[in-house]
Participant: 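I'd like to ask you about the structure that follows.
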There are 2 protein chains.
Amino acid sequence: MENKRSDCPISCSLEIFGDKWSLLIIRDIMLREKVSFSEFLASEEKIATNILVNRLNLLESEKILVKEVSPLNKSKFVYSLTQKGADLLPIVIEIMDWGAKYNKNCPRKELGKRIKSDKPAVIKELSLALKKKIK
Amino acid sequence: MENKRSDCPISCSLEIFGDKWSLLIIRDIMLREKVSFSEFLASEEKIATNILVNRLNLLESEKILVKEVSPLNKSKFVYSLTQKGADLLPIVIEIMDWGAKYNKNCPRKELGKRIKSDKPAVIKELSLALKKKIK
DNA sequence: AATTTGTTATTGCAAAATACAATAACAAAT
DNA sequence: ATTTGTTATTGTATTTTGCAATAACAAATT
């Protein structure tokens, strides 16, 4: 961890995930059941392999993710959220809601519509589901 | 607006404010009553002038901020939030709450404590206050 | 009128982050 | 043995950011 810019919690948070990629990896794990390097790599936003490696290591070092050997395939790793990582859920949901509200080209799909109609319920439900999977 | 990476609302949002600075400017306007270039510049995180200019222009072009000549000082500009910008409030609050929860060096001050004890009330109250100031 | 001060913006250059392509390491599967 | 799949590294070009200096210009001061 580098030297902090300030003690502001917003600033500290942005030093960790204030970039264009980190929260997309979190999204993939949280909302799309992705768990591995190759699955993250396959996402539509086309992250480069070196950046993906870098972000996964960073998120792991911040204890937002945990990396383990896959029980199904010993030559594969799987990433899971810690409680700290799972607690990013409300942030992700709020960003998703704002983005859908202000972007014509981001039509709300099922989850987006449920967020629009009852955000707290969605957060509660997803949070419970995550609880079963955190490390 | 460049070419979008995808239609995901999270990705679209991060293309706008997914960096280490934009949300700090929003924070300064939302929570610290700052309105001008020199006030943003004075924040503890020490943003560079060229980056500040760049972010202000970007946020203005995204219609998150509006720039006007100050009524008090004609050689000064003041920035205010649009409704789109004010709607970032829940994101800012959630990031603040997460940062305070997971960072020893970010002691909760008054606002932080109120967020911890009743987040929806804080958001509602601040959102009402912002409503009176949006352009 | 000339000078100083305050505010916003620009420029030049170094450093860091990102994009993109190629390929390496290595275990599993064939 | 060879091929395939998964993760990681390397090299190079481009873009973004950090930092310092300074410009433009109006208001305030002398």
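Below, chains carry the letters A, B, ... as their sequence lines are ordered, and counting in each starts from 1.
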Participant: Of all the nucleotides listed (dC19(D), dT6(D), dA28(C)), which has the minimum atom distance to the side chain of Lys76(A)?
Facilitator: dT6(D)
Participant: Grab the NZ-C1' distance between Lys20(A) and dT18(C) for me, whole Å please.
Facilitator: 11 Å
Participant: Any side-chain N or O of Arg55(A) below 4.0 angstrom from OP1/OP2 of dA17(C)?
Facilitator: no
Participant: For a quick check, tell me whether the side chain of Thr49(A) and the base of dT9(D) share a donor-acceptor pair closer than 3.5 Å.
Facilitator: yes
Participant: Taking only Lys NZ, Arg NE, NH1 and NH2, and the carboxylate oxygens of Asp or Glu, determine whether Arg32(B) and Glu44(B) approach each other closer than 4.0 Å.
Facilitator: yes
Participant: Taking for each residue the nucleotide of DNA chain D bearing the nearest heavy atom, is the 5' side occupied by Ile51(B) or by Phe77(A)?
Facilitator: Phe77(A)
Participant: When you get a sec, tell me which of dA9(C), dC19(D), dC20(C) is the closest nucleotide to the side chain of Tyr79(B)?
Facilitator: dA9(C)
Participant: Side chain of Trp21(A): nearest nucleotide among dT18(C), dT7(D), dC19(D)?
Facilitator: dT18(C)
Participant: Among dA19(C), dA8(D), dA27(D), which nucleotide sits nearest the side chain of Asn73(B)?
Facilitator: dA27(D)
Participant: For the residue pair Trp98(A) and Phe17(B), does the interplanar ring angle fall in the parallel (under 30°), tilted (30 to 60°) or perpendicular (over 60°) class?
Facilitator: perpendicular
Participant: Taking the nucleotide of DNA chain C with the nearest heavy atom to each, does Lys74(A) or Ala48(A) sit closer to the 5' end?
Facilitator: Ala48(A)
Participant: Between Asn54(A) and Ser75(A), who's closer to the 5' end of DNA chain C by nearest nucleotide?
Facilitator: Asn54(A)
Participant: Does any nucleotide pair with dA28(C) by Watson-Crick or G-U wobble geometry, both distances under 3.5 Å, and what is it?
Facilitator: dT3(D)
Participant: Would you kindly give the CD1-to-C1' distance between Ile47(A) and dA8(D), to the nearest whole Å?
Facilitator: 14 Å
Participant: Can a salt bridge be assigned to the pair Glu15(B) and Arg5(B) using a cut-off of 4.0 Å between side-chain N and carboxylate O?
Facilitator: yes
Participant: With rounding to the nearest 0.5 Å, note down the distance linking CG in Leu41(A) to CG in Leu52(A).
Facilitator: 6.0 Å
Participant: Measure from the side-chain heavy atoms of Lys67(A) and tell me the nearest of dT18(C), dT7(D), dT10(C).
Facilitator: dT7(D)
Participant: Of all the nucleotides listed (dT8(C), dT18(C), dT7(D)), which has the minimum atom distance to the side chain of Phe37(B)?
Facilitator: dT8(C)
Participant: Sort out the partner of dT10(D) for me: Watson-Crick or G-U wobble, both distances under 3.5 Å, none otherwise.
Facilitator: dA21(C)
Participant: Rounding to a whole Å, what distance do you find between Arg5(B):CZ and dA19(C):C1'?
Facilitator: 12 Å
Participant: Separation of Leu52(A) atom CG from dA8(D) atom C1', in whole Å?
Facilitator: 10 Å
Participant: Measure from CG on Leu41(A) to P on dT9(D) and round the result to the nearest Å.
Facilitator: 14 Å
Participant: When hydrophobic residues are tied together by side-chain contacts of less than 4.5 Å, even through go-betweens, does Leu111(A) share a cluster with Leu89(A)?
Facilitator: yes
Participant: For Asn50(A), report the nucleic acid contact type (base, sugar-phosphate, nothing); a contact means any heavy atom under 4.0 Å.
Facilitator: base
Participant: When the distance from CD of Glu39(A) to C1' of dT7(D) is rounded to whole Å, what number comes out?
Facilitator: 13 Å
Participant: For the pair made of CD in Glu15(A) and P in dA17(C), what is the distance, rounded to whole Å?
Facilitator: 12 Å
Participant: Is the closest side-chain donor-acceptor distance between Ser70(A) and Asn73(A) under 3.5 Å?
Facilitator: no
Participant: Rounded to the Å, how far apart are Asp19(B) CG and dT15(D) P?
Facilitator: 18 Å
